[in-house]
Protein chains: 2
Amino acid sequence: MAANILIVDDEQAIADLVEVYLKNENYNVFKFYNGRDALNCIENEKLDLAILDVMLPDIDGFSICQRIRGKYNFPVIMLTAKEEEVDEITGLTLGADDYITKPFRPLELVARVKAQLRRFTRYNTAETEQDKRVIEFSGLVLDMDTHECMLNERRLSLTPTEFSILWVLCSNRGRVVSVEKIFHEVWGDKYFTNSNNTVMVHIRHIREKMHDSAERPKYIKTVWGVGYKIEK
Amino acid sequence: MAANILIVDDEQAIADLVEVYLKNENYNVFKFYNGRDALNCIENEKLDLAILDVMLPDIDGFSICQRIRGKYNFPVIMLTAKEEEVDEITGLTLGADDYITKPFRPLELVARVKAQLRRFTRYNTAETEQDKRVIEFSGLVLDMDTHECMLNERRLSLTPTEFSILWVLCSNRGRVVSVEKIFHEVWGDKYFTNSNNTVMVHIRHIREKMHDSAERPKYIKTVWGVGYKIEK
DNA sequence: TTAAAATCTTAAGATTTTCTGAATATAGAG
DNA sequence: CTCTATATTCAGAAAATCTTAAGATTTTAA
């Protein structure tokens, strides 16, 4: 059975985005644009995790978090705008299990959600490849927590974007991943444009660091007309 | 029971085309040329999927998508024209489950629709031959996701068009497929002309890669005056 | 706060792959 | 044998991908 997740953010675009990515992972999503409705949901639904924006027009995220802590026992992830960094410590001490600063990568959000759910054994049962925070196969090791990447004992220093792209490719290995999908996963929809080759340039850089070549690639293969692929 | 699918596009030709292909797959199609009528349909019909053009004269696809997200729980596929201004598109595609850029192949559209419907278990029950994304029989394996093709353990590297044509032949195996039908499936009606032999050339290339010959073909047989056929 | 470094994005052009149409050849039907 | 449908070949056009580099932006360090 899928976990029930609450998302509250008065920025509807953010809440909607989060909803899409969570639904994509087959979670049940309860979405609200204000604190009042969220509190109501908390009382009436059996939740497994809550994602709360700190700044809400009516009841702020901290208060909601405290309310949850008082009566329930499920993890809470706080969303904070970059400018509110001062409050980070406060939020944590008030009992949030994790916090994410906006803007965030869908990939990152989903990874954090899974990490929190994992702490509650109920959802440990069928851990798929996609749920892992460390990917390791044929000489390649990727660690989502540290963003470290090792290839045959050699350490590749990847930039955040490069790491994210490689992560997407690796967590879908054996399958072809379209450029569109990479965009979707790494940047999120709102940065989507049709006419740029940003992904390609990053792929190029990753290949370079892997000592891989486009013409006869050992790792990242080009599937013409479809996308990129890493062999199983 | 067949799924209910909404298609909205102010380019009537596109909407009509999509309608034809979806009806061909026995879906119930609700077709509209503007956003207002579409919204009305969303409220009154029990939909299973929506295909929305981003640029509509009255209410844009993005708004419709948000409206759906807010109240319902079915997948949304967005249609975007490649030529559309980047600025217009940025931010407009938020929240869709998949994207297809125009022009697209009917085959591709149908495949994406099925992929989305599959995510909703309700329609998993009676998966027919046509719904599959992998075709496998007598030593031949075609994978729609990766565009990979294996013939007796040997890997054929087909171009996108070649793959599409072979897919059409295989998914209709045992039956003769006319050149016109191949055109219809792979390119869509509007590109159909009688005065070229493009399909033939592609068939030739496919046969070559299969080590097949026209005079005594093992796989793709020529049915004089009718079309091509792959034995069951 | 400012400067330096790292990273990201964009754009233009090069390269590679794929598609198409024309010319010509071959094979089957009547 | 003739007519027509299908096959073959190939070259130019079109499309997708790759490469490079410069400028913009963000992060880090002083």
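Lettering of chains follows the sequences in order, A, B, ..., and the numbering in each one begins at 1. Quick caveat: nothing in here was measured; it's all calculated off a predicted structure.
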Practice task
Name the orientation class of the two ring planes belonging to A:Trp187 and A:Phe183 (parallel below 30°, tilted from 30 to 60°, perpendicular beyond 60°).
Solution key: tilted
Practice task
Mind checking A:Tyr228 for me? I need base, sugar-phosphate or nothing, with any heavy atom below 4.0 Å counting as a touch.
Solution key: sugar-phosphate
Practice task
Check the distance between C:dT9's P and A:Trp187's CH2 and give it to me in whole angstrom.
Solution key: 6 Å
Practice task
Could you state the atom-to-atom distance from CD1 of A:Ile206 to P of D:dT19 in whole Å?
Solution key: 13 Å
Handout entry: Euclidean distance, atom CD1 of residue B:Ile203 to atom P of C:dC19 [Å, nearest integer]
Key = 13 Å
Completion exercise
Separation of C:dG21 atom C1' from B:His202 atom NE2, nearest Å, is 11 Å
Fill in the blank from the handout: Picking from C:dT18, D:dA7, C:dC8, the nucleotide nearest the side-chain atoms of A:Pro160 would be C:dC8
Handout entry: Side chains of A:Ile51 and A:Gln116 in contact at under 4.5 Å (non-hydrogen atoms)
Key = no
Practice task
Among C:dC8, D:dT6, D:dT20, find the nucleotide with the atom closest to the side chain of A:Val201.
Solution key: D:dT20
Completion exercise
Regarding the side chain of B:Arg105, the nearest nucleotide among C:dC19, D:dA7, D:dC18 is C:dC19
Problem - A:Thr198 side-chain N/O to C:dT10 phosphate OP1/OP2 under 4.0 Å - result: yes
Practice task
Answer yes or no: side-chain N or O of B:Asn197 and base N or O of D:dT9 forming a donor-acceptor pair under 3.5 Å.
Solution key: no
Exercise for the section: Select one nucleotide: of C:dC19, C:dG28, C:dT9, the one nearest the side-chain heavy atoms of B:Trp224. Expected result: C:dG28
Practice task
When you get a sec, tell me which of C:dT20, C:dC8, C:dA27 is the closest nucleotide to the side chain of B:Glu215?
Solution key: C:dA27
Practice task
Round to the nearest Å and state the distance from A:His205 atom NE2 to C:dT7 atom C1'.
Solution key: 10 Å
Practice task
For A:Glu162 and A:Thr159, indicate whether the former's side chain and the latter's backbone hold a donor-acceptor pair under 3.5 Å.
Solution key: yes
Problem - Euclidean distance, A:Leu22 CG relative to A:Leu49 CG, rounded to 0.5 Å - result: 8.5 Å
